[in-house]
Amino acid sequence: MRSAFDIIGPIMIGPSSSHTAGAVRLGLMAKEILVEPVKSVEIKLHGSFAQTYKGHGTDRALIAGIMGFKPDDERIRDALQIATENNIKYSFEKVNLDDAHPNTAIIKLTGISGHVVSVQGASIGGGNIVISYINDFEVNLSGKYPSLIVVHKDRPGVINGVTAALALYNINIAYMKVSRKERGAQALMNIEVDNAVPDEAIGVCSTLPGVEKVLRIDAI
């Protein structure tokens, strides 16, 4: 079943829900994953994004999201200038990716501390997005629900520990995906939940054996 939001589209600035509103949300999600102010950004654009990003304002929309602007923020029109004024360096490059959605962007962010994160996602229509990779880990994040990113050791009991901790706080899991680089190495859980995750639950998950990092991402 589709909602009226899916049919009519989001409240937004720009000519296209896919190329502007969705692009803003991709930038917002990348910003949330970085978890610190942005110093510089390198953006690679694939498919339709690469061919029409200037005309549809996709470049401004992505940078606007990275700066924390929402899809209906009138400052989107001036996002590139605002980024320059705030000493945020940015660049765009056209690329061809195998088996990628036509509206795909790879966003590499460097924070003020030097921390770097790479996020690949696509704008799939109506302002909706899917994040498919965080660094080298395959994920599936829509931004519609509160989410957790859990970096952990690939060993027995870690997944059960995290889900049990969430259950203690009556948090229902809507979707969960686990990926790893290789057996027994580092792994990543991405979990979408139905309700906000309290600080106490984050604290419990963070102290579980094998867990290296827990990141909470609010719905966008």
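If you read the sequence from its start, that first residue is 1, and numbering goes on from there.
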For Leu45 against Ala105, the heavy-atom pair lying closest together: CD2-CB, 4.0 Å

Residues that, via side-chain heavy atoms closer than 4.5 angstrom, fall in one hydrophobic cluster with Val204: Leu148, Val150, Val158, Ile159, Val162, Leu166, Leu168, Tyr169, Ile171, Ile173, Met176, Val178, Met189, Ile191, Val193, Val197, Ile202, Leu208, Val211, Val214

Residue pair Ile43 / Ile63, side-chain heavy-atom distance below 4.5 Å: yes

Derivation and outcome, side-chain contact (heavy atoms from CB on, under 4.5 Å), residues Tyr53 and Lys94: CA-CA 10 Å; Tyr53 74 94; Lys94 297 180 180 181; 4.0 Å; yes

Sub-4.5 Å side-chain heavy-atom contact between Pro71 and Arg25: yes

Ala23 to Ala61 - nearest heavy-atom pair and separation: CB-CB, 3.7 Å

4.5 Å side-chain heavy-atom contact, Tyr175 and Ser147: no

Between NZ on residue Lys44 and CD1 on residue Ile107, distance to nearest 0.5 Å: 12.5 Å

Cluster check Val151, Leu215: I/L/V/M/F/W/Y, side chain < 4.5 angstrom: yes

Short side-chain to backbone donor-acceptor contact, His46 and Thr104, under 3.5 Å: no

Arg180 vs Leu188, side-chain contact (heavy atoms from CB on, under 4.5 Å): CA-CA, chis, key distance, verdict: CA-CA 6 Å; Arg180 63 185 185 182; Leu188 183 146; over 6 Å; no

Same apolar cluster (I L V M F W Y, side chains within < 4.5 Å links), Phe137/Val117: yes

Verdict with reasoning, Ile124 to His101, per side-chain contact (heavy atoms from CB on, under 4.5 Å): CA-CA 8 Å; Ile124 59 175; His101 188 281; 3.9 Å; yes

Residue pair Ser142 / Glu192, side-chain donor-acceptor N/O under 3.5 Å: yes

Flag for Glu36-Ser113: side-chain donor and acceptor within less than 3.5 Å: yes

Enclosure of Tyr145 OH (heavy-atom neighbours >12, cutoff 6.0 Å): no

Any Ile134 side-chain heavy atom under 4.5 Å of Leu141 side chain: yes

Same apolar cluster (I L V M F W Y, side chains within < 4.5 Å links), Ile220/Tyr133: no

Between CE on residue Met29 and CG on residue Asp218, distance to nearest 0.5 Å: 10.0 Å

Student check: side-chain heavy atoms of Lys181 and Gln186 closer than 4.5 Å: yes

Asp154 versus Gly184, closest heavy-atom pair with distance: OD2-N, 2.8 Å

For Val116 against Asn135, the heavy-atom pair lying closest together: O-OD1, 4.4 Å

Exam field: side chain Asn160 to backbone Gly157, donor-acceptor pair closer than 3.5 Å: no

Main-chain N/O of Lys108 paired to Ser118 side chain as donor or acceptor, under 3.5 Å: no

Distance-minimising heavy-atom pair for Leu28 and Lys70: CD1-CD, 4.0 Å

Show the atom names and distances, to 0.1 Å, of all donor-acceptor pairs under 3.5 Å that link a side chain in residues 82-89 to residues at least two apart or in another chain.
from	atom 1	to	atom 2	distance (Å)
Thr84	OG1	Leu80	O	3.1
Glu85	OE2	Gln81	NE2	2.9
Asn86	ND2	Ile82	O	2.7

Approximate separation, where rounding is to 0.5 Å, of Thr58 OG1 and Asn103 CG: 7.5 Å

Heavy-atom closest pair, residues Phe69 and Val24: O-CG1, 3.3 Å

Minimum side-chain heavy-atom gap Ile217-Ile33 below 4.5 Å: yes

Asn190 side chain to Asn140 backbone, donor-acceptor under 3.5 Å: yes

Heavy-atom side-chain proximity of Lys39 to Leu109 below 4.5 angstrom: no

NZ/NE/NH1/NH2 to OD/OE distance under 4.0 Å, Asp78 and Arg60: no

Salt bridge flag under 4.0 Å for residues Asp73 and Arg75: yes

Candidate pair Ile106 and Leu97, rule side-chain contact (heavy atoms from CB on, under 4.5 Å), full reasoning: CA-CA 10 Å; Ile106 299 175; Leu97 304 173; 3.9 Å; yes

From Arg216 atom CZ to Ser206 atom OG, the distance as rounded to the nearest 0.5 Å: 9.5 Å

